[in-house]
Visitor: 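I'd like to ask you about the structure that follows.
Owing to the predicted nature of the structure, the values given are computational and were not obtained by experimental measurement.
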Amino acid sequence: MAPWLDFSNWWTKDTQKGTPVVVKMENPNFSVVEINGADAAFRPVEKSRGKNAKQVTWVLLLRAHRAVGCVTWLVTVLWALLGTIKKRLINGDGVALESESESDKLEKGKLLFRVIRVFLVTSLAVLAFEVVAYLQGWHFGNPTNLHIPRTSDLEGLLHLAYVSWLTFRAEYIAPPIQALSKFCVVLFLIQSVDRMLLCLGCFWIKYRKVKLKIDGDPFENDDVEGLSSNYPMVLVQIPMCNEREVYEQSISAVCQIDWPRDRLLIQVLDDSDDESIQWLIKTEVSKWSQKGINIIYRHRLVRTGYKAGNLNSAMSCDYVKDYEFVAIFDADFQPNPDFLKQTVPHFKDNPELGLVQARWSFVNKDENLLTRLQNINLCFHFEVEQQVNGVFLNFFGFNGTAGVWRIKALEESGGWLERTTVEDMDIAVRAHLNGWKFIFLNDVKVACEVPESYEAYRKQQHRWHSGPMQLFRLCLPAIVRSKVSPWKKANLILLFFLLRKLILPFYSFTLFCIILPLTMFVPEAELPLWVICYVPVFMSLLNILPAPKSFPFIVPYLLFENTMSVTKFNAMVSGLFQLGSSYEWVVTKKAGRSSESDLLSAAESEAKSIEQQKIHRVASDSDLIESFQLKEHKEEAPAPVKKTNKIYKKELTLAFLLLTASVRSLLSAQGVHFYFLLFQGVTFLLVGLDLIGEQMS
């Protein structure tokens, strides 16, 4: 019961008017009010007064109901999470556990996992020790202020051990952690300044309305007979490998490109090792060939060099020398019919131009949370990084698809090389060193897909971050010996490779996944609040600006980017030191989604195809036999393998490490640190259980 406080002496000096009246009732269904003077009735009454027993009971019941509802919700969420963990562990036992199904992947990331595991066990031990110290009333302050008892009992020994630990921590552990954290913070600030300069460059482009436009059709000719002779010869290549889901829509979109047919050749470069998929692609190529499209099918018997080997083999054909430009589209890309008319004219009267790169657009960007977060990253990459570097430097990394190359630039730069898994970046760097210029067209968009499952996205990011480090080792001597200006050399070495490909994953993983939880157990090396909260949030806001509709996902984006730093750091180390996983090439899994324009064009062309089928009804016996064979192969195609979600051990280990650090932060009453570590640990837990992205059976 709250103490009764008598404040009557505060107003005893006031002049009382009238006679005091006390009203009392035997059955107090109403509250008792004491009127002490005529003016007392008009004074404000406290909220706590004037309530009867029934009202108080109802208020308490409502508050209890709310509390029970909150607790029930938390228990339900925790129970569902535990059930999901159990299901993942049972289904993943011997089947879906990462790095356990194949012996050649057993050693990948083993050292990093061991380091994280040792760190987790040590953190748990330290946390248990400090919880005991906290319960005993020992403070986490300066060890010189702690009083050591003279008794020799167990508590005294524990207290003495705790003081010794604090002294050892302050003198030997804190200094190297502080030095490493300061180094990472400096790298973080340098990378943030670079990101801000790119954004300022993008704002300048928007403000000055810098756009590369084409006035009319530069290849038009008044002479009707020689109308197509002014159009350059263009080769279109579609490299693919086991692309069952997307081959049809890609070939269909490319075959509908608006360009004179006698000036266009389409190469379907099939590296599939599945015979059923080969027959399906052959059928699609044959269908468009019968419609008058100049399209050919190529399949390599010796599949070496992955995509680079496929493209290099296609460029070695004798008829390629008759063509001036080559456009490249991956199997999931669907260019618009006017793609070549929006890109190829930029080469006219510009002999130094070697590459015209178009922007990507994504047909499945709203499919799930993972695709939304990828859309944020890729929108910033194209609209800010690629556009700014294209306008101010005439150089950027080729994206491997949705671009048009001058064949002369490819040949003079050495062609496609099979030495790395980023052949697109390799040819771009070598062409830049040879003096060729690049153009990025932000307004020309090509529809494609982003990975919908975390497994596919993780493998893609591993290839995208290990390949540049491989390339950096190989290209560094060539960059130093090249005849380009010192500014271009510095841009390639310091900005393009070191800052954006090496430093970014290094400090992201080290600072936010290792140093931050470590500082919870070593408070002497505590990170300032602006490093943990203010600067990351501001940089995340800059990243979301090109995709303003994704603003509600700013917090998941920040947490997920820190989670992906584990994969990117591992890939960076693999590429830098040429480990086995850096030479891996895994084709990104696609879902085969079509854009709205493709669906409309398919409906329009269906009526035309009925009339065209009448022309091709008369066929030879060999054609009929081949068509029946194709149909049989299509019907006998095996059903897709039923896959399950995986469990990622490194992410799970870091999840428990961060959650352990959040408990230690709670003991130290560090508010922002606790919430950051808690949410970051939960994010690692969700990713480690493969609960983000497409959910498989």
Visitor: Test: salt bridge (charged side-chain N to carboxylate O under 4.0 Å, His left out). Region: residues 425-441. Which pairs qualify, not counting sequence neighbours?
Guide: Glu352-Lys437, Arg419-Asp426, Asp426-Arg430
Visitor: Quick test of your reading: applying salt bridge (charged side-chain N to carboxylate O under 4.0 Å, His left out), list the pairs with at least one residue in residues 498-508, sequence neighbours left out, ordered by first then second residue.
Guide: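 Applying salt bridge (charged side-chain N to carboxylate O under 4.0 Å, His left out) to every pair that reaches into residues 498-508, excluding sequence neighbours, yields Asp194-Arg500.
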Visitor: Any Lys/Arg nitrogen of Glu449 or Lys365 sitting under 4.0 Å from an Asp/Glu carboxylate oxygen of the other?
Guide: no
Visitor: Would a line drawn from the ring center of Tyr454 to the ring center of Tyr648 be shorter than 6.0 Å?
Guide: yes
Visitor: Are the ring centres of Trp360 and Phe333 closer than 6.0 Å?
Guide: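 Ring centroids of Trp360 and Phe333 are less than 6.0 Å from each other.
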Visitor: Have Gln191 and Tyr507 got a donor and an acceptor in their side chains that come within less than 3.5 Å?
Guide: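 Their side chains do contain a donor-acceptor pair, which is all the 3.5 Å distance test asks for.
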Visitor: Determine the interplanar angle of the Phe506 and Phe569 rings, folded into 0 to 90°, and report it as parallel if under 30°, tilted if 30 to 60°, perpendicular if over 60°.
Guide: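 Because their plane-to-plane angle lies in the 30° to 60° range, the rings of Phe506 and Phe569 count as tilted.
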Visitor: Considering residues at least two apart in sequence or located in another chain, which fulfil the salt bridge (Lys or Arg N to Asp or Glu O under 4.0 Å) criterion with Glu385?
Guide: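 Scan of Glu385 (salt bridge (Lys or Arg N to Asp or Glu O under 4.0 Å), adjacent residues dropped) gives none.
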Visitor: Do you see a donor-acceptor pair shorter than 3.5 Å between the side chains of Asn394 and His432?
Guide: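 Not at all, the side chains of Asn394 and His432 share no donor-acceptor pair under 3.5 Å.
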Visitor: Check whether the side chains of Gln386 and Asn399 place a donor and an acceptor atom closer than 3.5 Å, and report yes or no.
Guide: yes
Visitor: Quick one: side chains of residues 529-546, donor-acceptor pairs under 3.5 Å with protein atoms, not counting sequence neighbours, listed by atom name and distance.
Guide:
residue : atom : partner : partner atom : Å
Ser540  : OG   : Pro536  : O            : 2.9
Asn543  : OD1  : Arg195  : NH1          : 2.9
Asn543  : ND2  : Tyr557  : OH           : 2.9

Visitor: What class does the angle between the rings of Phe472 and Phe497 fall in, given that below 30° is parallel, 30 to 60° is tilted and above 60° is perpendicular?
Guide: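 Aromatic pair Phe472/Phe497 classed tilted.
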Visitor: Under the side chain to side chain contact (heavy atoms under 4.5 Å, CB included) rule, collect the residues that match up with Val326, sequence neighbours excluded.
Guide: Leu235, Gln237, Ile328, Trp405, Ile407, Leu410
Visitor: Flag the pair Glu383 and Arg359 as a salt bridge only when some basic side-chain nitrogen lies within less than 4.0 angstrom of an acidic carboxylate oxygen.
Guide: yes
Visitor: Does Phe329 have any ring pair (Phe, Tyr, Trp, His ring centres under 6.0 Å) partners at least two apart in sequence or in another chain, and if so, which?
Guide: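 Checked Phe329 against ring pair (Phe, Tyr, Trp, His ring centres under 6.0 Å); matches are Phe339.
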Visitor: So do Phe395 and Leu492 actually touch side chain to side chain, heavy atoms under 4.5 Å?
Guide: yes
Visitor: Identify which one of Asp271, Asp330, Asp424 satisfies the side chain to side chain donor-acceptor pair (under 3.5 Å) criterion when paired with Lys307.
Guide: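 With Lys307 as partner, side chain to side chain donor-acceptor pair (under 3.5 Å) holds for just one option, Asp330.
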Visitor: If the threshold is 4.0 Å, N to carboxylate O, is there a salt bridge linking Glu561 and Lys568?
Guide: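 A salt bridge is present here (some side-chain N lies under 4.0 Å from a carboxylate O).
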Visitor: Quick one: do Glu452 and Asn368 satisfy side chain to side chain donor-acceptor pair (under 3.5 Å)? Show the steps, please.
Guide: CA-CA 7 Å; Glu452 296 183 8; Asn368 53 47; 4.9 Å; no
Visitor: Any chance CZ of Phe183 has more than 12 other-residue heavy atoms, nucleotides or ligands included, within less than 6.0 Å?
Guide: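 No - once you tally the heavy atoms of other residues, nucleotides and ligands closer than 6.0 Å, there are 12 at most.
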Visitor: Are the charged groups of Arg244 and Asp274 less than 4.0 angstrom apart, N to O?
Guide: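 Yes, charged N to carboxylate O under 4.0 Å.
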